[in-house]
Amino acid sequence: AHAQMPRMELTAGMHRIEAEVAANMQHRMQGLMHRQSLPANQGMLFVYPRAERHCMWMRNTLIPLSVAFLDENGRIINIANMQPHSEDNHCASAPARFALEMNQGWFAGKGIRGGQKIGGLDKAPAPH
């Protein structure tokens, strides 16, 4: 069973995202590990205390994901596709304050690319 995380609504262009929010160390470390599936248009927002070149990996993660690294203003820095059970690092190409994980191909399928903005981050809880 995974720990209950708060949820919030984000937007990517005209698309709505229901995101679980990982704003503390325990939730960020757990992420989407051990999940069997991720419903359409749902994801996980990682909120970091500082903008840094954060990296993700997929140990104990069962579903293929895409991660968008976001700057302080919610602008997409880069998007990486991640394979289940991989310990390869996928890192922000510049300092990121947030990371948004969605089902693999979600961003590409919606035509969302680097430079575009994710809305609603101003309502994200403060990281701790």
Legend entry - Joint hydrophobic cluster, Leu32 plus Val21, side-chain heavy atoms closer than 4.5 Å: no
Legend entry - Reported CE-to-CG distance for the pair Met102 and Leu38, which is rounded to 0.5 angstrom: 7.0 Å
Legend entry - Straight-line distance of His54 NE2 to Arg97 CZ, nearest 0.5 Å: 8.0 Å
Inset, instruction - Heavy atoms only: give me the nearest Pro39-Asn103 pair and the separation to one decimal. - result: O-ND2, 3.7 Å
Inset, instruction - Specify the closest pair of heavy atoms between Pro84 and Ile63, including all atoms of both residues, with the distance to one decimal. - result: CG-C, 3.7 Å
Legend entry - Heavy-atom closest pair, residues Asn24 and His27: OD1-N, 2.8 Å
Legend entry - Asn41 side chain near Ile17 side chain, heavy-atom distance below 4.5 Å: no
Legend entry - same_hphob_cluster(Leu70, Val47) at 4.5 Å side-chain heavy-atom cutoff: yes
Inset, instruction - Flag yes if Val67 and Leu45 sit in one hydrophobic cluster, no otherwise; membership is Ile, Leu, Val, Met, Phe, Trp, Tyr, and two members link when side-chain heavy atoms are under 4.5 Å apart. - result: no
Inset, instruction - Drop me the distance from Leu65's CG to Glu101's CD, to the nearest 0.5 angstrom. - result: 5.0 Å
Legend entry - Steps toward side chain to side chain contact (heavy atoms under 4.5 Å, CB included) verdict (Phe46, Met56): CA-CA 10 Å; Phe46 294 78; Met56 310 293 252; 3.5 Å; yes
Inset, instruction - Quick one: closest heavy-atom pair of Ala23 and Pro125, and the distance? - result: CB-CG, 4.1 Å
Legend entry - Pairs where residues 12-59 contributes a residue and the test disulfide bond (SG atoms under 2.5 Å apart) is met, not counting sequence neighbours: Cys55-Cys91
Inset, instruction - Would you sort out whether His15 and Ile112 count as a side chain to side chain contact (heavy atoms under 4.5 Å, CB included), showing the intermediate values? - result: CA-CA 10 Å; His15 305 285; Ile112 296 163; 4.1 Å; yes
Inset, instruction - Hey, could you give me the CD1/CZ distance between Ile77 and Phe98, rounded to the nearest 0.5 Å? - result: 10.5 Å
Legend entry - From Lys117 atom NZ to Asp71 atom CG, the distance as rounded to the nearest 0.5 Å: 8.0 Å
Legend entry - Within-4.5 Å side-chain heavy-atom neighbours: Ser66 and Gln104: yes
Inset, instruction - Side-chain contact test, heavy atoms from C-beta onward, threshold under 4.5 Å: evaluate it for Arg7 versus Gln42 and give yes or no. - result: yes
Legend entry - Closest heavy-atom pair and its distance - Ile79, Gly114: CD1-N, 4.5 Å
Inset, instruction - Decide yes or no on side chain to side chain contact (heavy atoms under 4.5 Å, CB included) for Arg35 and Met44, but give the supporting numbers first. - result: CA-CA 12 Å; Arg35 306 274 183 104; Met44 182 169 287; 3.8 Å; yes
Inset, instruction - Treat each ILVMFWY residue as a node, draw an edge where side-chain heavy atoms are under 4.5 Å apart, and state whether Trp106 and Ile76 are in one component. - result: yes
Legend entry - Nearest heavy-atom neighbours spanning Ala51 and Glu72: CB-OE2, 3.5 Å
Inset, instruction - With rounding to the nearest 0.5 Å, note down the distance linking CH2 in Trp57 to CE in Met33. - result: 9.5 Å
Inset, instruction - Take Lys110 and Met14, measure what side chain to side chain contact (heavy atoms under 4.5 Å, CB included) needs, and give me the verdict at the end. - result: CA-CA 10 Å; Lys110 307 277 190 260; Met14 61 183 223; over 6 Å; no
Legend entry - In one Ile/Leu/Val/Met/Phe/Trp/Tyr side-chain cluster, 4.5 Å: Tyr48, Leu121: no
Inset, instruction - State, yes or no, whether a side-chain contact exists between Leu10 and Arg16 at a heavy-atom distance under 4.5 Å. - result: no
